[in-house]
Amino acid sequence: MISACRSLPPVADAAGRTRPASGRREKQLVIRGGTVVDATGARRADVIVSGDTVREVCEGAPVPAGATELDAGGCLVAPGLVDLHAHLREPGDEEAETVATAARAAALGGFTAVVAMPNTDPPVDCAAVALEVLGLASGAVCRVAVAGTITLGRAGERLAPMGELASLGVRLFTDDGAGVQDAGVMRRALEYARGLGVTLGQHCEDGALAAGGHMHEGAWSSRLGVPGMPAEAEEVMVGRDIALCRLTGGRVHFLHLSTARSAALVAAAKAEGLAVTAEVTPHHLSLTDAALCGYDPTFKVNPPLRTDADVLALRSACARGVVDAVATDHAPHPSEAKDAPLDTAPPGMLGLQSAFAVTMAALAGGPNGASVSSAGNGGDVPPMEMRAVLGLLSWQPARIAGFARDQGGDQGGPIEPGAPANLCVIDPAAAWTLDAERIASRSRNSPWLGRRLVGQVRHTVFRGEAVVVDAEAQR
Ligand SMILES: [Zn+2]
């Protein structure tokens, strides 16, 4: 295939001399021999990065002298992945994770941006804590944005100073870990959010219906004698917030949808033209409540793993555009906390490093579909194209987070001359094992620990720097 090179023209200074755009000699990087995949399509091309910017996208480009070469043979070269939902645990629970360790895990997972959930200790319900997290993130190996809480202390009563937080660049607000129980509070929050042009992320869980539950309420919870959380605990809040969205004109993003009927409600709301978006996690696309048959707390998450039918409905919702994003809900817990009986262990599992492989297996099929999945083979849900899967992990969440280029951001955009160099290079056929030494997080609570996965992030480029090379973190 012959393709014309697309490159940035040299910049002439006042005297007519050409020089690099920044006026100094910049580090150059060549990503060689891959297939460039972004929202505009897929094509074979090398990508030349100079400084923090893509300079040229072209097959067989001459390598500039002194440039570092990254081999991308057999690989997809995509905009960096964007995670809307990660628990970085700092401040307050640095034993579980820190901003720096989570960012390294994110980079190894191909992510160049993550949104840090605000349920830290103290929570991100004021400018001081938001600034603390942003300060911790300033030298990190991926972009870390903070979400703010909807209510003070995540107590569900009084609104957090959303305007003040928005002025610091916060675009997403959530009391994640809990849903906003009071419909009146949620209505006021949506009215306020609409005025500010920000989005509210809802953890849909009716506290009264879910109280005391440790897994999905159904056949498996009955058999195991474990108190359950009914699907309806999620669905009543999805339905309520769709109604409040209609009432206020505010924007709601549904976090970690887990049931078939939740997806159906979101599909109907979108058909009506309401401003709703939704995410699912890799684990809700691949595991069911049957995984709890051995009472292993690794599989305890909130919302809980559901049924085969729910998993298949969520995969179908991804394929039909009902679900906009795959988000990890990366939730580190130290083994002292997680290695406990099911009823006392905290919910949550790691997600950043395994996200691509697990999502690809669930949605695009392929050789490890069975090995990562306790759900049926999904024969009635046709596999998605890899580009559509990457859209769920990159450019679609980038838009929800306000990171897209036309929103003034630097993530998820087409790979073209002038684009910010936030990229990932993924070998969809490479097999690897998520062993303990590979995990960059401070915690180890992954159900895929020691499991063979297919689909490996080979290189990650963040602001022009190769922060992951050949699946190894560079700093
Ligand atoms: Zn949540």
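In what follows, residues are counted from 1 in the order of the sequence shown. First listed ligand is number 1; within each ligand, the first listed atom is number 1.
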Just list the side-chain donor-acceptor pairs under 3.5 Å for residues 389-396, sequence neighbours left out, or say none.
unit_1	atom_1	unit_2	atom_2	d
S394	OG	P79	O	3.4
S394	OG	G80	O	2.9
Q396	NE2	D324	O	2.7

Could you walk me through whether L305 and H216 pass the side chain to side chain contact (heavy atoms under 4.5 Å, CB included) check?
-> CA-CA 6 Å; L305 300 175; H216 172 66; over 6 Å; no
Between the side chains of Q411 and T112, is a donor N or O closer than 3.5 angstrom to an acceptor N or O?
-> yes
Who are the side-chain hydrogen bond (donor to acceptor under 3.5 Å, both in side chains) partners of H284, not counting sequence neighbours?
-> T281
Heteroatom count (protein N, O or S) under 2.8 Å of the Zn ion (ligand 1) = 3
Q407 atom CD, over 12 foreign heavy atoms within 6.0 Å = yes
Check residues 113-120 and write down every donor-acceptor pair under 3.5 Å in which the side-chain atom is one partner and the other belongs to a residue at least two apart or another chain.
unit_1	atom_1	unit_2	atom_2	d
N119	OD1	H87	ND1	2.9
T120	OG1	P122	O	2.8

